[in-house]
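Working notes for the structure below.
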Amino acid sequence: MAHAENRLEELRELVADVLEIEPEELTDTGDFMADYEADSLRAIEILARIDKRYKVEIPQEELPGLTNLKAVHDALARHSGGRG
Amino acid sequence: MTGLGPVSSIGTGAAAFAAALRAGASGASPITGFDATGFPYRNAGEVRDFDPRAHLRRLDPARWGRSGQFAASAARLAVADGGLDPDRIDPARAHAVIGTTSGESAVAEALTEQVVGGGFPAQDPELVARLPAHRLANAVSEELGLRGESLTVATACAAGNYAIGYAYDLLVSGEADVVLAGGADSVCRWAHAGFYRLGALTESRCSPFDRDRSGILTGEGGAVLLLETFEHAEARGARIHAELLGYGMNCDARHAVAPDGASVAECMRLAHRNSGVRPEDVDYVCAHGTGTPTNDLVEGRAILEVFGTEPPPVSSIKSMIGHTMGAAGGFGAIACVLAIAEGFLPPTINWANQDPDLVGIDVVPNQARRARVRVAQNDAFAFGGNNAIVMLGAVA
Amino acid sequence: MVITGWSAVTAAGIGAEALARRVADPASAGRGVVVDGLSDVPLPAPTGHALPGFDVRAELGRKGTSWYDRTTALAVVCCRDALRSAGAPAGGDDTARIGVALGTTLGSHKSVSDYTRETLVQERPYWVNPALFPTTVMNCAAGQVAIRLGLRGVNATLAGGPLAFLNALRYADTVIGRGYADVMLTGAAEEYAPHRAWAAHHTGTTANVPLGEAAAVFVLAAAGEGVTGPRVLAVATGYAPGGGAAAGQALGGCVARVLRRADVDPAGVSAVFTGEADSRDTREFDAVTRVLGRAPERVLAKPMFGECDAASGAVALAVALSRADTGQVLLTAVGADGAVGAALVEVGA
């Protein structure tokens with residue numbers, strides 16, 4: 001559990017950096033586009049950073065569903081397989 | 001428009017290029033311009049076996065980068081096609097305008113390899129001197145001995161059309177007798193990586209406007225047209241392929257990479273208005289048609305908005321040559337001139353399934369078609385929201 | 001065309017006043033400031049005419065700027081200030097008639113090279129940052145200016161190296177003259193980065209003057225009733241195949257052309273602002289004196305602001321506008337191959 005929380009906090013920092021906000025401003029369910037003025041390029045950047053950092057490729061087809069931190073966290077867990 | 005100079009993955013020279021367009025040829029091949037090891041997708045529209053020495057008479061290829069060689073070779077081909085001896089014109093009234101996205105990208109990458117290997121001091125000064133983007137137009141001026149303006153327009157993937165548009169202005173404002181205009185770019189690692197990372201790259205087949213299109217194929221080449229005032233062309237008894245009617249430019253001012261439909265539609269209207277053309281006059285649209293889901297949807301919808309439910313045929317030659325970046329507008333313009341002069345519509349190859357969101361758009365699927373083309377529209381849109389559309393017509 | 005406003009970001013600071021202070025006291029430039037903070041690798045020279053404290057976040061905020069390269073940041077800040085100084089609206093109905101023409105050498109050399117580097121050194125060649133991809137394209141700065149300031153008119157980026165600003169000026173002249181836009185933000189930007197510093201070192205352009213960075217932008221509008229300010233009377237560019245002595249001849253041709261076009265008496269030209277790096281280099285000045293038949297005052301911007309490549313001409317015009325001169329002045333530039341250009345500007349009217 002502690003591991004999962006660490007992962008969530010790591011992701012919060014990563015995503016906040018992409019969204020050009022402070023990690024404290026990013027809630028688990030805040031909508032990237034509606035609440036943080038993100039666009040499609042930011043969302044692609046999040047996937048690219050995850051690929052590089054965790055060596056996990058989340059397919060771009062899943063982008064439409066990745067609208068908040070929790071969804072990104074879940075997708076990362078889903079695609080990590082045994083490595084998460 | 002009196003001369004055509006294409007240096008492309010499907011053919012070099014007007015005749016070879018026209019034959020390839022008619023045949024629906026594909027220029028896609030495994031990348032050799034850089035080491036594509038490690039890239040999931042390893043195909044591009046490269047100009048294989050490009051030999052600048054076969055074309056250039058004055059320019060020493062050893063002193064110029066690949067994109068400059070493309071530009072100068074294409075310009076040399078264009079004057080040859082137009083039967084123009086550049087030594088017999090007023091050189092001060094002859095200009096070179098070349099568009100590009102990445103300039104001398106191959107040079108930049110070779111230098112970066114040197115930096116990665118041995119740090120900045122290890123760079124070859126000779127190579128550094130070949131780097132500046134303005135050398136693309138300078139290469140044309142140098143090769144043909146032109147003393148007029150030598151301008152490289154760096155408006156990314158719309159740059160070829162910007163260049164042709166500026167050439168039009170030089171001609172109609174009395175500054176020029178002759179302008180060599182078009183674009184040039186080279187396949188490079190960084191663009192391949194960037195487009196892949198954006199999810200905008202296709203594996204091997206570029207299929208614009210298809211329901212299942214998956215992205216662009218990076219391409220390269222040089223595409224230059226010889227443009228003259230009517231008086232100049234007539235005085236020397238030149239064969240006139242087509243007439244440049246005008247153009248329109250605007251800027252989305254919204255997003256660095258995503259196109260804006262309303263702005264694209266407005267650019268089409270601007271181009272029509274500036275050219276004295278009504279939508280119903282247009283017989284063919286040579287689309288920007290990159291093959292990405294977004295571009296083709298936005299462009300297709302803009303066409304439906306501007307032309308109504310029965311627009312003229314729309315095809316994308318990028319299905320054949322890939323996205324040649326700054327040269328794309330030049331290749332599109334050459335395709336339009338050929339469509340007008342030879343009476344055919346270049347096809348959109350690799351097309352299989354109707355996109356339900358683009359019903360009504362006839363993409364000239366897979367087979368070239370005989371057609372009488374009096375007015376053609378050549379689209380080009382770019383990163384940064386730079387849009388430019390050129391209108392071409394049959395000689396009145 | 002009338003210059004209805006302008007601004008500059010130079011080694012002297014942000015804004016026209018900072019530039020004017022240095023123009024009034026050229027010795028204050030010295031050999032520049034210590035620049036090692038702008039690079040994580042050794043630089044060919046310890047000092048340069050840079051603005052190390054320039055912080056785009058402080059100017060524009062964090063939102064939308066974290067991925068900017070320095071060229072884009074300099075250009076956007078400078079265009080914002082230029083538009084403000086002109087008093088033109090940064091929004092509203094007529095933004096489709098306000099355009100941008102920026103000169104460049106190759107965009108941000110650093111952005112292009114760093115992106116390529118990532119494809120070479122990362123475990124996988126495609127592990128690049130997609131958000132930085134737009135910075136590898138030369139029109140990034142002009143595109144961001146349009147987005148940031150909401151300018152939907154003609155948006156152009158003109159490559160030219162030393163000629164870039166005159167190319168942009170010439171392009172803007174055509175765009176306004178042909179009626180494609182009413183107002184053009186016209187200028188150039190060039191960043192201080194190890195890539196440029198080393199490139200300049202290898203090609204010798206900084207042999208006699210330190211490298212500089214700058215953006216300078218002028219708000220141009222068609223001359224007309226109620227439009228006041230200094231005027232760009234004429235711009236001409238050309239090319240001399242082979243370069244060398246032929247370039248001097250060709251530059252003389254451009255000077256003669258702008259004088260003829262503007263119908264100006266050569267005797268009225270009070271000063272010439274050349275792209276020469278120091279007083280020993282007289283290649284441009286000689287061409288001008290041949291045409292004018294006399295030697296006007298020569299002003300060199302580079303000893304004050306460094307070798308700013310594409311932005312050099314723009315900085316020179318800014319210097320011209322900061323001085324108390326009246327009458328007509330010439331701007332000249334010569335490229336490394338055979339490109340040449342000249343502009344005639346009426347200042348202090």
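In this text, all values refer to a predicted model and were calculated from it rather than measured experimentally. Letters A, B, ... are given to chains in the order of the sequence lines, protein chains preceding strands, and every chain is numbered from 1.
Looking only at heavy-atom pairs under 4.5 Å with chain B, the residue among C/Leu120, C/Asn167, C/Val154, C/Val137 that has the most is C/Leu120. Considering only heavy-atom pairs separated by less than 4.5 Å from chain C, the leading option among B/Leu136, B/Leu198, B/Asn387 is B/Leu198. When each of B/Pro91, B/Ser150, B/Ala36 is scored by its heavy-atom pairs under 4.5 Å with chain C, the top score falls to B/Ser150. The candidate from B/Gly384, B/Ala154, B/Gly199 with the greatest count of non-hydrogen atom pairs under 4.5 Å with chain C is B/Ala154. Ranked by heavy-atom pairs under 4.5 Å with chain C, the list B/Asn138, B/Val128, B/Asp35 is led by B/Asn138. Of the residues considered (C/Ala199, C/Gly160, C/Gly143), C/Gly160 shows the highest number of contacts with chain B, using heavy-atom pairs under 4.5 Å. For the options B/Asn250, B/Asn274, B/Leu146, B/Val257, heavy-atom pairs under 4.5 Å to chain C are most numerous at B/Leu146. Interface check for chain B: of the options C/Leu106, C/Asp309, C/Leu163, C/Val112, the most heavy-atom pairs under 4.5 Å are formed by C/Val112. The greatest number of non-hydrogen atom pairs below 4.5 Å with chain B, out of C/Pro134, C/Gly99, C/Ser113, is found for C/Ser113. Contact tally against chain B (heavy-atom pairs below 4.5 Å) for C/Gly242, C/Ala339, C/Gly338: the top residue is C/Gly242. With chain B as the partner, the residue from C/Pro194, C/Pro44, C/Ala142 showing the most heavy-atom pairs under 4.5 Å is C/Pro194.
The ring-ring contact (aromatic ring centres under 6.0 Å, His included) pairs that include a residue from residues 130-179 of chain B are B/Tyr166-C/Tyr171, where partners are two or more places apart or lie in different chains.
Contact annotation for B/Phe195: both backbone and side-chain heavy atoms come within less than 4.5 Å of a heavy atom of chain C. Looking at C/Glu118, neither its backbone nor its side chain comes within 4.5 Å of chain B, counting heavy atoms on both sides. Contact annotation for B/Arg254: only backbone heavy atoms (N, CA, C, O) come within less than 4.5 Å of a heavy atom of chain C. The part of C/Thr174 that comes within reach of chain B is its side chain, from C-beta onward, which places non-hydrogen atoms under 4.5 angstrom from that chain. Looking at B/His192, there are no atoms closer than 4.5 Å to chain C (heavy atoms on both sides), in backbone or side chain. Proximity to chain B involves both the backbone and the side chain of C/His195, based on heavy atoms less than 4.5 angstrom apart. Contacts between B/Asp124 and chain C at a heavy-atom distance below 4.5 Å are absent for every atom of the residue. Residue B/Ser141 touches chain C through both its backbone and its side chain, counting heavy-atom pairs closer than 4.5 Å. Contacts between C/Arg261 and chain B at a heavy-atom distance below 4.5 Å involve the side chain alone, from C-beta outward. Looking at C/Ala336, there are no atoms closer than 4.5 Å to chain B (heavy atoms on both sides), in backbone or side chain. At a 4.5 Å heavy-atom cutoff, the contact between B/Tyr196 and chain C is made by side-chain atoms alone. The parts of B/Ala156 that come within reach of chain C are both its backbone and its side chain, each placing non-hydrogen atoms under 4.5 angstrom from that chain. Residue contact with chain B, scored on non-hydrogen atoms closer than 4.5 Å, is absent for C/Ala250.
Distance CZ/B/Phe383 to CZ/C/Phe133: 5.0 Å, rounded to 0.5 Å. From B/Glu149, atom CD reaches atom CG of C/Leu166 across 11.0 Å, with rounding to the nearest 0.5 Å. The SG atom of B/Cys251 lies 7.0 Å from the CD1 atom of C/Ile147; values are rounded to the nearest 0.5 Å. Within the model, atoms OG1 of B/Thr155 and CG of C/Asn155 stand 8.5 Å from one another, a figure rounded to the nearest 0.5 Å. Between the CG atom of C/Asn139 and the OG1 atom of B/Thr100 there is a distance of 11.0 Å, given to the nearest 0.5 Å. To the nearest 0.5 angstrom, B/Leu131 atom CG is 5.0 Å from C/His109 atom NE2.
For the residue pair C/Tyr180/B/Asp169, the side-chain donor-acceptor check at 3.5 Å is satisfied. No hydrogens or angles considered: nothing links the side chains of C/Arg117 and B/Thr112 as a donor-acceptor pair under 3.5 Å.
Interface with chain C: from residues 258-273 of chain B, no residue qualifies, criterion being any non-hydrogen pair under 4.5 Å. Residues of residues 113-123 of chain B lying within less than 4.5 angstrom of chain C, judged on heavy atoms, are B/Glu113, B/Val115, B/Val116, B/Phe120, B/Pro121, B/Gln123 in numerical order. Along residues 124-132 of chain C, the residues that come nearer than 4.5 angstrom to chain B, judged on non-hydrogen atoms, are C/Pro125, C/Tyr126, C/Trp127, C/Val128, C/Pro130 in order of number.
For C/Gln122, the CD atom is densely surrounded, since the number of other residues' heavy atoms within 6.0 Å is greater than 12.
In this structure, C/Arg170 pairs ionically with B/Glu175, as a charged nitrogen and a carboxylate oxygen lie closer than 4.0 Å. One finds no salt bridge joining C/Arg152 and B/Asp252 here, because no Lys/Arg side-chain nitrogen approaches an Asp/Glu carboxylate oxygen to under 4.0 Å.
Considering all non-hydrogen atoms of both residues, B/Ala133 and C/Met138 come closest at CB-SD, 3.6 Å. Nearest heavy-atom pair, C/Thr119 versus B/Ala193, reported as atom, atom and distance to 0.1 Å: CG2-CB, 3.6 Å. In terms of heavy atoms, C/Leu151 sits closest to B/Ala253 at O-CB, 3.6 Å.
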Quick one, C/Thr157 with B/Val153, criterion side-chain contact (heavy atoms from CB on, under 4.5 Å). Give me CA distance, side-chain angles, the key distance, then yes/no. CA-CA 6 Å; C/Thr157 302; B/Val153 185; over 6 Å; no

side-chain contact (heavy atoms from CB on, under 4.5 Å), that's the test. Do C/Asp337 and B/Arg63 meet it? Break it down for me. CA-CA 11 Å; C/Asp337 294 306; B/Arg63 285 190 57 241; 3.9 Å; yes

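Proximity of a side-chain donor or acceptor of B/Glu109 to a complementary backbone N or O of C/Thr116 within less than 3.5 Å is not detected.
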